[in-house]
Protein chains: 2
Amino acid sequence: MDTTKATTAFAALSQPTRLDVFRLLVQAGKTGLLAGEIGEKLNVRQNTMSANLLVMLNAGLIRKTREGRGIRYFADMPAMADLIGFMLKDCCGGNVDECKPFLEQVACKC
Amino acid sequence: MDTTKATTAFAALSQPTRLDVFRLLVQAGKTGLLAGEIGEKLNVRQNTMSANLLVMLNAGLIRKTREGRGIRYFADMPAMADLIGFMLKDCCGGNVDECKPFLEQVACKC
DNA sequence: TCCATATATCATGAATTATTGATATAATGA
DNA sequence: TCATTATATCAATAATTCATGATATATGGA
């Protein structure tokens with residue numbers, strides 16, 4: 001992870017449709033979603049959705065596999081973890097006590 | 001946290017100077033940094049830095065307090081935790097086993 | 001091979017964002 | 001009050017991004 005990759009990823013998340021797509025895919029887990037399903041759920045036109053999925057692919061936030069005529073998309077969770085790690089590197093001035101409340105707040109609830 | 005707030009925050013992090021500023025402030029912890037110190041460290045002109053700091057303030061990622069003639073900036077860690085929580089809500093389809101490796105990777109190392 | 005379905009690409013105009021020079025405001029000290 | 005330091009705001013141009021209509025490509029089935 002470097003600044004260029006990170007800013008590209010954040011730019012991909014800075015548009016409402018794309019953020020919604022990412023959150024849907026995070027919630028879908030390993031099952032993923034077909035491109036068409038995503039467009040339908042979010043009520044976004046086909047070519048607009050395709051363009052937005054491409055932005056997220058290029059940003060490394062999602063992956064895809066062909067499935068028959070369709071294409072199934074997945075959130076790339078390791079990439080997301082890497083991004084968060086980059087952003088929070090050496091956080092809180094290395095002070096564990098200062099950091100603890102933050103960690104508790106960010107912990108996943110699933 | 002909602003989609004609008006989140007996309008605004010990600011947009012603020014999608015520019016190299018601003019991402020560098022945020023990471024510096026994360027590392028500075030409660031000590032924070034003066035606006036001038038930030039500009040000097042990152043070699044960014046005064047008005048450009050001021051404009052970028054304003055974007056981050058409006059995005060809710062940083063806070064400021066006046067200190068004599070200077071202004072001291074801090075990363076808003078609770079806001080960051082909130083943002084990460086929003087992005088990862090109901091992750092991995094609610095499957096804890098699927099989620100575990102991700103959580104281990106994202107855990108803070110400080 | 002021909003058709004239907006699913007997704008991607010292209011070109012374009014509209015809107016947004018970034019940087020900069022110039023200038024303004026705020027706080028301090030003489 | 002005047003000068004200095006620190007930061008913010010303004011106006012303008014340049015660059016980037018967005019959604020869309022039209023069209024192209026890929027897969028599967030008849």
Side-chain angles (χ1 to χ4, degrees), chain A residues 3-25 28 31-76, chain B residues 3-25 28 31-76:
Chain A
T3 298
T4 301
K5 278 189 185 178
T7 52
T8 302
F10 287 129
L13 293 169
S14 74
Q15 199 273 347
T17 297
R18 292 196 299 260
L19 181 56
D20 287 346
V21 169
F22 186 73
R23 295 180 72 225
L24 272 181
L25 291 176
T31 306
L33 288 169
L34 294 173
E37 293 177 325
I38 301 172
E40 205 171 337
K41 275 177 194 278
L42 298 181
N43 218 28
V44 173
R45 291 170 198 238
Q46 187 271 317
N47 57 354
T48 299
M49 182 52 70
S50 179
N52 280 318
L53 288 169
L54 182 60
V55 170
M56 304 180 76
L57 266 178
N58 288 336
L61 289 172
I62 63 178
R63 289 173 296 107
K64 68 173 175 179
T65 62
R66 179 167 282 279
E67 184 174 306
R69 298 186 228 197
I71 296 192
R72 188 169 292 272
Y73 285 88
F74 307 87
D76 190 328
Chain B
T3 298
T4 301
K5 278 190 186 178
T7 52
T8 303
F10 287 129
L13 293 169
S14 73
Q15 200 272 348
T17 296
R18 291 196 299 260
L19 180 56
D20 287 346
V21 168
F22 186 73
R23 295 180 71 225
L24 272 180
L25 290 176
T31 306
L33 287 169
L34 295 172
E37 294 176 321
I38 301 172
E40 205 171 338
K41 275 178 194 276
L42 299 181
N43 217 29
V44 172
R45 291 171 197 238
Q46 188 270 318
N47 57 355
T48 299
M49 181 53 69
S50 179
N52 280 318
L53 288 168
L54 181 60
V55 170
M56 303 180 75
L57 267 177
N58 288 336
L61 290 171
I62 63 178
R63 288 172 295 107
K64 68 174 176 179
T65 61
R66 179 166 282 280
E67 183 175 308
R69 299 188 228 200
I71 296 193
R72 187 169 292 272
Y73 285 89
F74 308 87
D76 190 328

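Remember, it's a predicted structure, so these values are computed and weren't measured experimentally. In the text below, chain A, chain B and the rest are named by the order of the sequence lines, each starting its count at 1.
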- Separation of atom CZ in A:Arg66 from atom C1' in D:dG28, rounded to whole Å: 11 Å
- Message: Nearest whole Å is fine: how far is D:dT17 P from A:Leu54 CG?
- Response: 13 Å
- Query: Between A:Gln15 and D:dA19, is there a side-chain N or O to OP1/OP2 distance below 4.0 Å?
  - Reply: yes
- Query: Rounded to the nearest 0.5 Å, what separation is found between the CD1 atom of A:Ile38 and the NZ atom of A:Lys41?
  - Reply: 9.5 Å
- Message: Going by side chain to side chain contact (heavy atoms under 4.5 Å, CB included), name the residues that satisfy it together with B:Val44, two or more places apart in sequence or in a different chain.
- Response: B:Thr17, B:Leu42, B:Thr48, B:Met49
- Query: Rounded to the Å, how far apart are A:Asn47 CG and D:dA22 C1'?
  - Reply: 9 Å
- If only side-chain N and O atoms of A:Arg69 are considered, is one of them under 4.0 Å from the OP1 or OP2 phosphate oxygen of D:dG29? no
- Note on the structure: First and last nt of DNA chain C near chain A, cut-off under 4.0 Å to heavy atoms, 5' to 3', are C:dA4 to C:dT9
- Atom CD1 of B:Ile38 to atom P of D:dA6: distance rounded to whole Å? 14 Å
- Message: By the definition side chain to side chain contact (heavy atoms under 4.5 Å, CB included), identify the one residue from B:Leu53, B:Leu33, B:Leu24 that meets it with B:Tyr73.
- Response: B:Leu53
- Item | Closest heavy-atom pair and its distance - A:Phe22, A:Ala75 | CE1-CB, 4.0 Å
- Query: Shortest non-hydrogen contact from B:Ala59 to B:Ala12?
  - Reply: CB-CB, 3.7 Å
- Query: Between B:Lys64 (NZ) and D:dT7 (C1'), how many Å, whole number?
  - Reply: 9 Å
- Message: From CG of A:Leu34 over to P of D:dT27, roughly how many Å is that when rounded to an integer?
- Response: 15 Å
- By nearest-nucleotide position on DNA chain D, the 5'-leaning member of B:Gly36 and A:Ala51 is B:Gly36
- Message: Categorize B:Arg72 for me: base, sugar-phosphate, or nothing, with a 4.0 angstrom heavy-atom threshold over every strand shown.
- Response: nothing
- Query: Quick one: B:Glu67 CD to D:dT5 C1', roughly how many Å, whole number?
  - Reply: 15 Å
- Query: Are the side chains of B:Leu61 and B:Leu25 in touch, meaning some heavy atoms are under 4.5 Å apart?
  - Reply: no
- Task: Would you give the length of the straight line joining atom CE of B:Met56 to atom NZ of B:Lys64, rounded to the nearest 0.5 angstrom?
- Result: 13.5 Å
- Query: Quick one: A:Gln46 CD to D:dA19 C1', roughly how many Å, whole number?
  - Reply: 13 Å
